[in-house]
Structure formats: C-alpha cells, structure tokens
Amino acid sequence: MDKLNFINEELDRLKEAGLLINIRTVEGPQGAWITVDGKSVLNLSSNNYLGLANDLQSKTASHNAIDTYGVGPAAVRTIAGTTTLHKDLEQKLAQFKGVESTISFQSGFCANLAVIPEIVGKEDVVFSDELNHASIIDGCRLAKTRVVRYKHGNPEDLQAKIHIEKNIDRKLIITDGVFSMEGDIAPLPEIVEIAEKYNAITMVDDAHGEGVLGRGGRGIVDHFNLHGRVDIEVGTMSKAFGVVGGYIAGTKQLTDYLVQKGRPFLFSSAVTAADVAACIAVVDTLKKSDDLVKKLWSNTRFFQDRMKQLGFNIGITKTPITPIMIGDAKVAKDFSQKLFDDGIFAQSIGYPTVPAGKARIRVMLSASHSKEDLTRAIDHFEKIGKAMNII
Ligand SMILES: *Cc1c(COP(=O)(O)O)cnc(C)c1O
C-alpha cells in the first residue's frame, strides 16, 4: 500500500489549500431550477446557455432516433459507426457555420486532441494564448510540438513572438473564442491579420461562442465577419447546444484529412444516435429563430449591470460568463456555500482551473432564467457580499 501513499498526501494538500473539488449531484433535468444534493436551487453553474438541455424537440428527436437506430453505435466511425444521422449533422453544421465541411467527434475535448497533432509536430511551432483551454494544451502536448505562449488576448505580444519565429515553416496560432473563466472574447480580427502577414495557420476554439455570439448563435467567426479567413474552427455541442459532442469546421480538404488521421475518430466509438439526433434538432431550432440567443443577451445585460452597480468586480467579461472575482480560494468556496444554503447554485472556481489567488464564483447566465430568478440571485449576492465584506 505504501507505494500509493503519495495519493493521500496530494489529496490532503488539496483539502488544506481549499482546492478539493466537491462534486454536487444533480437529480433530474437541467434548467433554471435544478435539484442538487436533494435541494431545489436556482442554477447559475451550467453551460446551458439557451436552455436547450431539456428541450422538447431535442428530446423527441432523441427518442425517435433510439427507436430507429437503437442505443449504441457498436463501432468507431471508420468501421461501422457512421449512421445517416452523423452525415446529416455534419452537413447541417457546415451550412449553419457557413463552411465547406465539418467532422464531428465525441466531445470538444476530443476534437482538439484529434486536430492539433495532425496539423503540427516537432519541427513546427504553436502560438497559444496563455489562457487557452486545457484541451488545447493537451492537444499540443500530444503533438509534441513547441509551444510559444503569448499574453492573454494580446495581439502585440503575439506579433512580437511570431516575428522571432518567422522563418519556421509551419506556424499555428490557437485561441479560445470566448475564454471560459474570464468571459472575454479573443481579438480574432487582429489575430487573423497577423496570421495572414506571417502565413500562419489559424485555429479558434469556439466552445463558449457557439450559440452565443454571431447571428443566431453562429459563433465568433460570424460575430467578427471573418468567414473564410480562419482555417480551423473547433465547436462543441456540449454547451449552448445542450447535448454532447464536438466538431471541427473548415474546408473539405481539412475534414477529409481528419477522417483519415484524427485518432479519436479512428479509435474511439461514435457518438450515439440519440445524441446526434438531438444535435440536429438544435441546429434546426437555431436556424429557425434567434429568440433564445436574444433572451440570453438580455439576461446577461440585466444581471451584469446590477452586479456592477452593487460594487462586485466582474472582471473583463463581454459574454454571459460572469466571474465574480473574490481572490482567495477558501473565501470563494465559503461564499458559494452560503449561496447554496440560500438556494442559489453558483460554483466557486480555484486553482488549477484559474491562476492561484484569482479564485472566483462563476455565474453562467441562461435564456432559461426569468428576470425574477436573476433578481433573487442578485439579492442573495448582495446580502452575502456585504456580510463577508466583499462589497
Ligand atoms: C468546454 C470546452 C471544451 C470541451 O468541450 P467538451 O465538448 O465539453 O469536451 C473545449 N474547449 C473549450 C474552450 C471549452 O470551453
């Protein structure tokens, strides 16, 4: 047993530092109100931006798909796991995003692991925003490529660093579209200009921009009108889509290549028909109407304006991701627990998800919230924030 002692030591260390993750268990469907650990609470912690995770049309599509295709794919995509539904989803996504082609994966995480090692290797260099998502970092590690980190959201620093490497043949710039812990938006037009100047490949991970930014939620490329100027777009269907899955959007050449090379595509089983059918239903819903996207943004403005008026520091957010900056991890945890006791579910986030000393409560707004819900949340934030001397 001694040989595994380091595990206990590490767990003790995490607990001591207030960093031990406390898993809350959700009973029942996602929504504005959910039951967590037996208690009904107002949900400010999910990525269910548009409230689609329990959408009737998505659920009906899933039920029908199970009746038609069964529950399991029983194979990877390249052997016997590609159904007509998978093809249909990829076509519909391409049309929605305004690209030639898409290829879907089991998750956004998988999409990053699939694409990065097939684009760059040992001889190449990746320029990566210092706050990029863990799945981008891991994709680069798998690629065994050299990574140059540039300052967060800082095109001047990117320009200076890429200039030093200008003679490297293959250069890839990767950025999150919306940064998941800060809520700010990548300066994509400037990044694209630098890439064009230095002949670098561009890749944006739009996990938190999908369904949120752009016309009817078409994402960051649409938001900045950069169609045709970003080489690789990564998307997820696990956030605003309210289902699960990831994809890469780009040229047909790119997706044809990933069909042959993307290791999660070749070596891990296909997404189930039920999930794929629900994703198709979401694309149809978003194409039909932008009502949900509008509601999400109206809720965002309402909540953020009032929180700022109360004196909370919400950082540099430009999107529905709303960090309530606290600093100390233990204080943030304590704040979150007090909110939970009051029936408000807003998780605290500490190291390693955010840098040490930058702990926060991360509020995720959704189209499913009513103004009454948000007013209730704001009142509790105010009460606890004053009691804890945070405002
Ligand atoms: C959430 C997230 C992912 C992972 O997406 P999943 O579909 O949940 O695996 C990837 N990249 C970014 C930037 C994310 O925020």
Side-chain angles (χ1 to χ4, degrees), residues 47 49 108 112 116 125-140 146-165 171-198 200-214 218-226 229-236 239-240 297 300-301 304 308 312-327 349-360 362-365:
N47 300 318
Y49 288 112
N112 277 323
I116 299 170
V125 59
V126 168
F127 299 89
S128 180
D129 186 290
E130 66 184 346
L131 292 190
N132 274 347
H133 190 259
S135 56
I136 294 174
I137 295 168
D138 287 4
C140 292
R146 192 154 61 87
V147 177
V148 173
R149 282 163 33 123
Y150 62 89
K151 287 199 189 105
H152 173 56
N154 189 327
E156 292 76 31
D157 193 44
L158 169 63
Q159 154 81 39
K161 287 182 167 148
I162 204 167
H163 191 74
I164 297 169
E165 310 284 351
K171 302 178 281 295
L172 170 64
I173 305 172
I174 312 181
T175 184
D176 278 18
V178 174
F179 288 85
S180 52
M181 294 300 140
E182 313 296 325
D184 58 331
I185 303 174
L188 202 57
E190 289 86 349
I191 291 173
V192 165
E193 269 184 30
I194 293 169
E196 287 169 353
K197 186 166 151 198
Y198 288 92
I201 303 164
T202 43
M203 169 169 157
V204 63
D205 179 343
D206 207 16
H208 285 280
E210 213 77 74
V212 175
L213 296 177
R218 281 165 176 76
I220 189 171
V221 170
D222 191 81
H223 172 79
F224 285 121
N225 197 15
L226 291 168
R229 292 175 71 191
V230 174
D231 299 298
I232 304 166
E233 285 181 70
V234 178
T236 180
K239 287 174 178 148
W297 282 97
T300 298
R301 281 187 289 271
Q304 292 182 351
K308 275 194 279 194
F312 283 106
N313 173 5
I314 62 168
I316 53 175
T317 184
K318 292 274 185 298
T319 65
I321 298 171
T322 312
I324 315 297
M325 307 306 277
I326 307 282
I349 307 218
Y351 181 82
T353 311
V354 296
K358 296 211 169 168
R360 62 201 65 182
R362 180 167 168 260
V363 169
M364 301 299 288
L365 297 164

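When a residue number appears, it is its place in the shown sequence, counting from 1. Every heavy atom of this structure was used, including side-chain atoms; hydrogens, water molecules and symmetry mates were not. Worth saying up front: this structure is predicted, and the values here are computed from it rather than measured.
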Check your understanding: Distance from L172 atom CG to F127 atom CZ, nearest 0.5 Å?
Key -> 9.5 Å
**Study point:** Y351 OH: over 12 foreign heavy atoms closer than 6.0 Å
**Key:** no
Check your understanding: What is the minimum heavy-atom distance between P323 and T317, and which atoms define it?
Key -> CD-CB, 4.0 Å
Review point. Under 3.5 Å, is there a donor-acceptor pair linking the side chains of Y198 and Q159?
Key: yes
**Study point:** Heavy-atom pair of closest approach, residues D176 and V204
**Key:** C-CG2, 4.1 Å
Revision key, fill the gap. Rounding to 0.5 Å, atoms CG (D157) and CD1 (I162) come to a distance of 11.5 Å
**Study point:** Contact check, side chains of Y150 and I191, non-hydrogen atoms, under 4.5 Å
**Key:** yes
Point to revise | For the student: nearest non-hydrogen atoms of M181 and R360, plus distance | key: O-NH1, 2.7 Å
Study note, to complete from the structure: What one should report as the nearest heavy-atom pair of P155 and G153 is CD-O, 3.4 Å
Exercise for review: Could you walk me through whether C140 and N132 pass the side chain to side chain contact (heavy atoms under 4.5 Å, CB included) test, one step at a time?
Suggested key: CA-CA 11 Å; C140 292; N132 274 347; over 6 Å; no
Review point. About how many Å separate CG of L158 and CD of E193, when rounded to the nearest 0.5 Å?
Key: 12.0 Å
Practice item. Please tell me if the side chains of I136 and I116 come closer than 4.5 Å, counting only heavy atoms from C-beta onward. Key: yes
Revision key, fill the gap. Sorted by chain and number, sequence neighbours left out, side chain to side chain donor-acceptor pair (under 3.5 Å) with N47 holds for none
Check your understanding: Which value, rounded to the nearest 0.5 Å, describes the distance between I232 atom CD1 and I173 atom CD1?
Key -> 11.5 Å
Point to revise | Pair E196 + R229, salt bridge at N-O below 4.0 Å | key: yes
Practice item. For residues V148 and V126, determine if any side-chain heavy atom of one lies less than 4.5 Å from a side-chain heavy atom of the other. Key: no
Check your understanding: Does H152 reach the side chain of I316, with side-chain heavy atoms less than 4.5 Å apart?
Key -> yes
Exercise for review: Work out which heavy atom in L188 is nearest to a heavy atom in T175; give both atom names and the distance.
Suggested key: CD1-CG2, 4.0 Å
**Study point:** Residue list, salt bridge (Lys or Arg N to Asp or Glu O under 4.0 Å) with D184, at least two apart or on another chain
**Key:** none
Exercise for review: Could you grab the distance from atom CD of E165 to atom CZ of R146, nearest 0.5 Å is fine?
Suggested key: 4.0 Å
Exercise for review: Measure from the side-chain N and O atoms of W297 to the backbone N and O of L213, and report whether any donor-acceptor pair falls under 3.5 Å.
Suggested key: no
Review point. Quick one: are M364 and I321 in side-chain contact, heavy atoms under 4.5 Å?
Key: yes
Exercise for review: Determine the minimum heavy-atom distance between F224 and A186, stating which atoms define it.
Suggested key: CE1-O, 3.5 Å
Check your understanding: Is T319 reaching over with its side chain to a backbone N or O of G183, donor-acceptor style, under 3.5 angstrom?
Key -> yes
Check your understanding: Which is it for M203 and N112 under the side chain to side chain contact (heavy atoms under 4.5 Å, CB included) test, yes or no, and what are the steps along the way?
Key -> CA-CA 10 Å; M203 169 169 157; N112 277 323; 3.1 Å; yes
Revision key, fill the gap. Distance col, row S135:OG vs D205:CG, nearest 0.5 angstrom, shows 5.5 Å
**Study point:** Within 6.0 angstrom of K358 NZ, more than 12 heavy atoms from elsewhere
**Key:** no
